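Worth saying up front: this structure is predicted, and the values here are computed from it rather than measured. Proteins come first, then strands; the chains are lettered A, B, ... in the order of their sequence lines, and each starts at number 1.
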Amino acid sequence: MSAQVEPLPPSEIIIFPMRDEPLDTLGDALDTQPLKRIIEAALLTASEPLSIAELKKLSDVPLDHRQIETLLEELTVDWQGRGVELTRVANGWRFRARPEMQPYLDRLNPQKPPRYSRAVLETLAIIAYHQPVTRGDIEEIRGVAVSAQILKTLEARGWVEIVGTRDTPGKPELFATTKQLLDDLNLRALQELPSLQEIGALLEQDIAVAE
Amino acid sequence: MSAQVEPLPPSEIIIFPMRDEPLDTLGDALDTQPLKRIIEAALLTASEPLSIAELKKLSDVPLDHRQIETLLEELTVDWQGRGVELTRVANGWRFRARPEMQPYLDRLNPQKPPRYSRAVLETLAIIAYHQPVTRGDIEEIRGVAVSAQILKTLEARGWVEIVGTRDTPGKPELFATTKQLLDDLNLRALQELPSLQEIGALLEQDIAVAE
Amino acid sequence: MCARRWESVIPDHVMPDHEIMEAQLPLVPLARIHGEPLLVLPRDLYIPPDALELVLETFQGPLDLLLYLIRKHNLDVLDIPMAELTRQYMSYIEIMQKHRLELAADYLLMAAVLIEIKSRMLLPRAAKASDEDGEDPRAELMRRLLEYEQMKLAAQKLNELPQAGRDFEIVQVLIENTVSVRLPEVSVEDLRLAWLGLLARTRLNMHHKVRREQLSVREQMAHILRCLQGGEFVEFGKLFDVESGLPKLVVTFIAILDLAKEYLIEIQQSETLGNIYVRTSRALTAE
């Protein structure tokens, strides 16, 4: 009565080693090719990056971290030279079109995400590099009032979130950046952001010279 | 300074015929492989099916309908035996997960099976225990109006049917439960439903305990 | 030695916010004034009035304006000539006021800070002062300018990173939901709970003394109505399944009587001891 689809054994979906293939060629190793196809399908259809822990759920037999990683590496190689690539970001793995494809894809979809004003970008930079920070901290660095709208814009985009409050009078909220921001920038960790040393190298030089 | 990526000529993205390859093997025909990769990337990233007219925009040189179709057919073949397939739908072409993948993909997003609202369940219970009943009877017992939608839901499910009308003004329709409901509840006869006395006793007990 | 560096970064100061990206590109007009592209920054304070407004409005605040002045006049951020900087700053504030641009309090506060620093620098420094007194009055301002400068550059760098949706697309292939339409499941337990809920709400249990047998009568009532659905008269005896045993026959009989009582069926006997016929009331009303 239910419309549930029974899971087909993977062997029925994807070409399996032939029956008459000598058993020893398979050895003890699991035949992971059907699983590789399932992982590929999962990554192609997922709306968010998938972590290795999530990918493990796709296997009928328990696999360890390393086995999944091997399959992901194989997939990465399989997709070389294509318009789409498998990449690793903060929240896991996902497929993306190569940036070189963008000029072509833009022809189909002229809509672009919003470009942010300098006020928004500076606020984002301060949160990213000084997190966790309060609105007061941001205002101190920028030298002007920071409108609630700016913070809302960043929160709505999922790039910034409140992670707590500072234990000072007024209990100001503390802002930090999210993994979503890293995902959207195709980064794995905050350390992959341009380093402040790089950005500030010249400034420090100035100070050194002045002293 | 800018994050704009210059469109790379497709030849730099994808393996192009070697320079020393004899020219005549290329013949008059355009080398469409780079375009095939662009089309693939476009179809994999598009949120809607793409029509051939749209896909034409991806080519730097004017192509006719047939040439695009040939590439789409090639792609369809390329993707055979994978977890995702290229399909033709009413308004164009799109990739989709093969139905056989569904059980695996469901493991990542375990959808909770939908539930009927309390209104639907109560209506069903009243019809089961008091059949045949009119909508008016149900409303009297529930103490609130019963929307036509609720009865339609139960009829569409094949659990409830109209078995006649009552000979009172307005000739209201009489609802009764079907054999299908018994099958779906794994019962042989309505008598196997928990008796109302039992249920009532349970409630009084509850009240007694609560008091 | 700082001058060259400062100059190279100037253009983004004068751009409307939304054009920050383009501002980085060479030869993109900085602005359009009366339709004419403005490709170079005005060299001094004489700026066509429209452009001036544009320039003034895009400062992110007093720190931003100060940085602009420092660069424009090739001043050294680490050895700021306070008199000169304060004069420049005040003249901008005046222009802003003249153009009735909304002047945030922050600008006026900064003016006060600048004047304060300037005045402290006029005072002769104590030869042997404590650390605090001996500190350059400009130190705090310098620190803030440098920190802001760094975040300004960081913002630019962040904006230059390829961004999903803007510089690359994410792959997402459709999973058709129609592949398996899930219908809600209902269990006997659900029905029991639903009834329990009804009882709790309406206290029906006070009035209903429904016995198990009555449920089978109800079921039989529905069954008979189904048999009569054609609308034709059906012979009374045909409603009884003789092989189902005596209890069932009794239940059927009670069901027929209940149906008649509830005006759901019509029972007819045209002559004494003749055949009894039954049909639904719906058939009756249809006539």
From CG (B:Asp167) to CD (C:Glu262), nearest 0.5 Å | 12.0 Å
Name all residues meeting the side-chain contact (heavy atoms from CB on, under 4.5 Å) criterion together with B:Lys152; count only those two or more places apart in sequence or in a different chain, and write none if there are none.
-> B:Gln149
Examine whether an atom of B:Leu187 lies under 4.5 Å from a heavy atom of chain C, and if so say whether it belongs to the side chain, the backbone or both; otherwise answer neither.
-> side chain
Between B:Ala189, B:Ala176, B:Ala125, which residue shows the highest count of heavy-atom pairs closer than 4.5 Å to chain C?
-> B:Ala125
Contact part of B:Ala41 toward chain C, heavy-atom cut-off under 4.5 Å: side chain, backbone, both or neither?
-> neither
To the nearest 0.5 Å, atom CD of C:Gln172 lies from atom OG1 of B:Thr45 at 11.0 Å
Residue C:Ile170 versus chain B: region with a heavy atom under 4.5 Å | backbone
Output the distance between atom NZ (B:Lys179) and atom CZ (C:Arg226), rounded to the nearest 0.5 Å.
-> 11.0 Å
Write down the atom of B:Pro132, the atom of C:Leu225, and the distance for their closest heavy-atom approach.
-> CG-CD1, 3.6 Å
Going by residue number, which parts of residues 116-124 of chain B are within reach of chain C, meaning a heavy-atom gap below 4.5 Å?
-> B:Tyr116, B:Arg118, B:Leu121, B:Glu122, B:Leu124
Not counting sequence neighbours, list each pair that qualifies as a ring pair (Phe, Tyr, Trp, His ring centres under 6.0 Å) and has a residue in residues 177-197 of chain B.
-> none
Honestly, the part of B:Arg166 sitting under 4.5 Å from a heavy atom of chain C is both
Kindly indicate whether the side chain of C:Leu191, heavy atoms from C-beta on, has any atom under 4.5 Å from the side chain of B:Leu193.
-> yes
What do you reckon, is CZ of C:Phe240 surrounded by more than 12 foreign heavy atoms closer than 6.0 Å?
-> yes
Reported CG-to-CE distance for the pair B:Leu174 and C:Met221, which is rounded to 0.5 angstrom = 8.5 Å
Contacts satisfying ring pair (Phe, Tyr, Trp, His ring centres under 6.0 Å) that involve residues 32-79 of chain B (not counting sequence neighbours) are A:Trp79-B:Trp79, B:Trp79-B:Phe95
What's the verdict on side chain to side chain contact (heavy atoms under 4.5 Å, CB included) for C:Val173 and B:Leu43, showing C-alpha distance, side-chain angles and the deciding distance?
-> CA-CA 8 Å; C:Val173 167; B:Leu43 286 164; over 6 Å; no
Within 6.0 angstrom of B:Arg66 CZ, more than 12 heavy atoms from elsewhere | yes
If you take all heavy atoms of C:Glu219 and B:Leu190, which pair is closest and at what distance?
-> OE2-N, 3.5 Å
Is it the backbone or the side chain of B:Leu182 that comes under 4.5 Å from a heavy atom of chain C, or both, or neither?
-> side chain
How far does OG1 of B:Thr87 sit from CG of C:Leu174, to the nearest 0.5 angstrom?
-> 8.0 Å
Kindly check if the number of other-residue, nucleotide or ligand heavy atoms within 6.0 Å of NZ (B:Lys56) is above 12?
-> yes
Are more than 12 heavy atoms from other residues, nucleotides or ligands located less than 6.0 Å from atom CZ of C:Phe253?
-> no
